[in-house]
Enquirer: 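Quick one: this structure, given as structure tokens, is what I'll be asking you about.
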Amino acid sequence: MHLSIFFRSVVLCITVLSLTACSAGKERAEGKKEPGFQKMRHIPKVEEKKRTTIWEALRDTKPEQITKVNQYIWRAALEVLDFLPVKTVDPFSGVIVTGYGTPPGGSRAYRASIFVSDPSLDARSLKLSLQTKSGPVSISTQRAIEESILSRARQLRKQADSF
């Protein structure tokens with residue numbers, strides 16, 4: 001019992017000392033002069049930077065800024081890879097993550113991560129990562145899927161332009 005009281009009082013003393021040490025720096029930052037600093041008049045006054053709180057640092061500076069995603073590539077990716085079960089979809093950041101699924105007439109299970117990064121209908125806008133249960137797929141398979149997604153996106157755009 002006495003050990004518990006002793007431990008609590010030690011923790012309380014350490015806390016109080018650390019808080020008083022923090023407040024001593026605040027007086028100096030606010031411009032309050034200490035006895036030793038009165039003789040140093042030749043040192044120019046340094047402007048204090050505006051302090052930032054944790055909430056200001058985490059706040060979004062431009063809340064109206066949203067990553068734009070090409071709607072045709074987005075829809076084409078969902079259509080071409082419709083045999084894969086969708087796990088996560090975020091249309092604001094352009095990310096689609098799927099689970100494992102087998103294509104019609106195929107025997108291998110695939111999963112995909114798609115990232116549509118730009119509003120332009122361009123190959124640079126599409127980032128695709130395909131994987132089997134044994135590891136990543138070959139480059140030729142991945143490029144073929146990318147080309148089919150981009151071809152379907154171009155078809156969707158032509159259909160939209162004809163209306």
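Computed from heavy atoms alone, side chains included, the values below leave out hydrogens, waters and symmetry copies.
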Enquirer: Compare all side-chain heavy atoms of Gln71 with those of Leu156 and state whether any distance is below 4.5 angstrom.
Expert: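 No; the side chains remain at least 4.5 Å from each other.
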Enquirer: So for atom CZ, which belongs to Arg75, do other residues, nucleotides or ligands contribute more than 12 heavy atoms lying within a distance under 6.0 Å?
Expert: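 Atom CZ in Arg75 is crowded, with more than 12 foreign heavy atoms closer than 6.0 Å.
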Enquirer: Regarding Ser151 and Ser148, do their side chains bring together a donor and an acceptor under 3.5 Å, going by distance alone?
Expert: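 On atom types as modelled, these side chains do not qualify, holding no pair under 3.5 Å.
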Enquirer: Give me the atom names and distance for the closest heavy-atom approach of Tyr72 to Ala160.
Expert: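 Where Tyr72 meets Ala160 most closely, the heavy atoms are OH-CB, 3.6 Å.
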Enquirer: Check Ala76 against Ala153 and note the closest heavy-atom contact, atom names and distance.
Expert: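 Taking Ala76 first and Ala153 second, the nearest heavy atoms are CB-N, 3.5 Å.
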Enquirer: State, yes or no, whether a side-chain contact exists between Leu128 and Leu81 at a heavy-atom distance under 4.5 Å.
Expert: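 SC-SC contact between Leu128 and Leu81 confirmed.
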Enquirer: Check whether Asp90 reaches the backbone of Val95 with its side chain - one donor and one acceptor, N or O, closer than 3.5 Å.
Expert: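 The answer is no, because no donor-acceptor pair under 3.5 Å joins these two groups.
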Enquirer: Quick one, Ile73 and Leu150 - any side-chain contact, counting heavy atoms below 4.5 Å?
Expert: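 Answer yes - side chains close enough.
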Enquirer: Answer yes if the side chains of Ser117 and Ser125 hold a donor-acceptor pair under 3.5 Å, and no otherwise.
Expert: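 The answer is no; no qualifying pair exists.
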Enquirer: Hey, mind stepping through Ile96 and Thr88 against side chain to side chain contact (heavy atoms under 4.5 Å, CB included) and telling me if it holds?
Expert: CA-CA 6 Å; Ile96 303 170; Thr88 306; over 6 Å; no
Enquirer: Would you give the length of the straight line joining atom OH of Tyr100 to atom NZ of Lys133, rounded to the nearest 0.5 angstrom?
Expert: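 It is 7.0 Å, given to the nearest 0.5 Å.
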Enquirer: Is the shortest side-chain heavy-atom distance between Ile149 and Leu126 below 4.5 Å?
Expert: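 Yes; the side chains approach each other to less than 4.5 Å.
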Enquirer: Calculate, to the nearest 0.5 Å, the distance between atoms CD and CD belonging to Glu147 and Gln142 respectively.
Expert: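 It is 12.0 Å, given to the nearest 0.5 Å.
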Enquirer: Could you check if a side-chain atom of Tyr110 sits within less than 4.5 angstrom of a side-chain atom of Val137, using non-hydrogen atoms only?
Expert: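 Side chain of Tyr110 against side chain of Val137, heavy atoms only: contact under 4.5 Å found.
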Enquirer: Under a 3.5 Å distance rule, please check whether Thr98 uses its side chain to pair with a backbone N or O of Val86 as donor and acceptor.
Expert: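 Side chain of Thr98 to backbone of Val86: no pair is present.
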Enquirer: If I compare all heavy atoms of Ser107 with all of Thr102, which pair ends up nearest, and what's the gap?
Expert: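 Minimum heavy-atom contact is O-CG2, 4.2 Å.
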Enquirer: If you count heavy atoms of other groups shown closer than 6.0 angstrom to CZ of Arg157, is the number above 12?
Expert: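 Not buried by this count: 12 neighbours or fewer within 6.0 Å.
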Enquirer: Of all the heavy-atom pairs spanning Gly94 and Val69, show the shortest one and how long it is.
Expert: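 Residues Gly94 and Val69, closest heavy atoms: CA-CG2, 3.6 Å.
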Enquirer: Is there a side-chain contact between Leu84 and Arg111 (heavy atoms, below 4.5 Å)?
Expert: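 No - every pair of side-chain heavy atoms lies 4.5 Å or more apart.
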Enquirer: For a 4.5 angstrom cut-off between non-hydrogen side-chain atoms, does Val89 reach Trp74?
Expert: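 Side-chain contact under 4.5 Å: yes.
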Enquirer: Output the distance between atom OG (Ser129) and atom CD1 (Ile145), rounded to the nearest 0.5 Å.
Expert: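 So the OG of Ser129 and the CD1 of Ile145 are separated by 12.5 Å.
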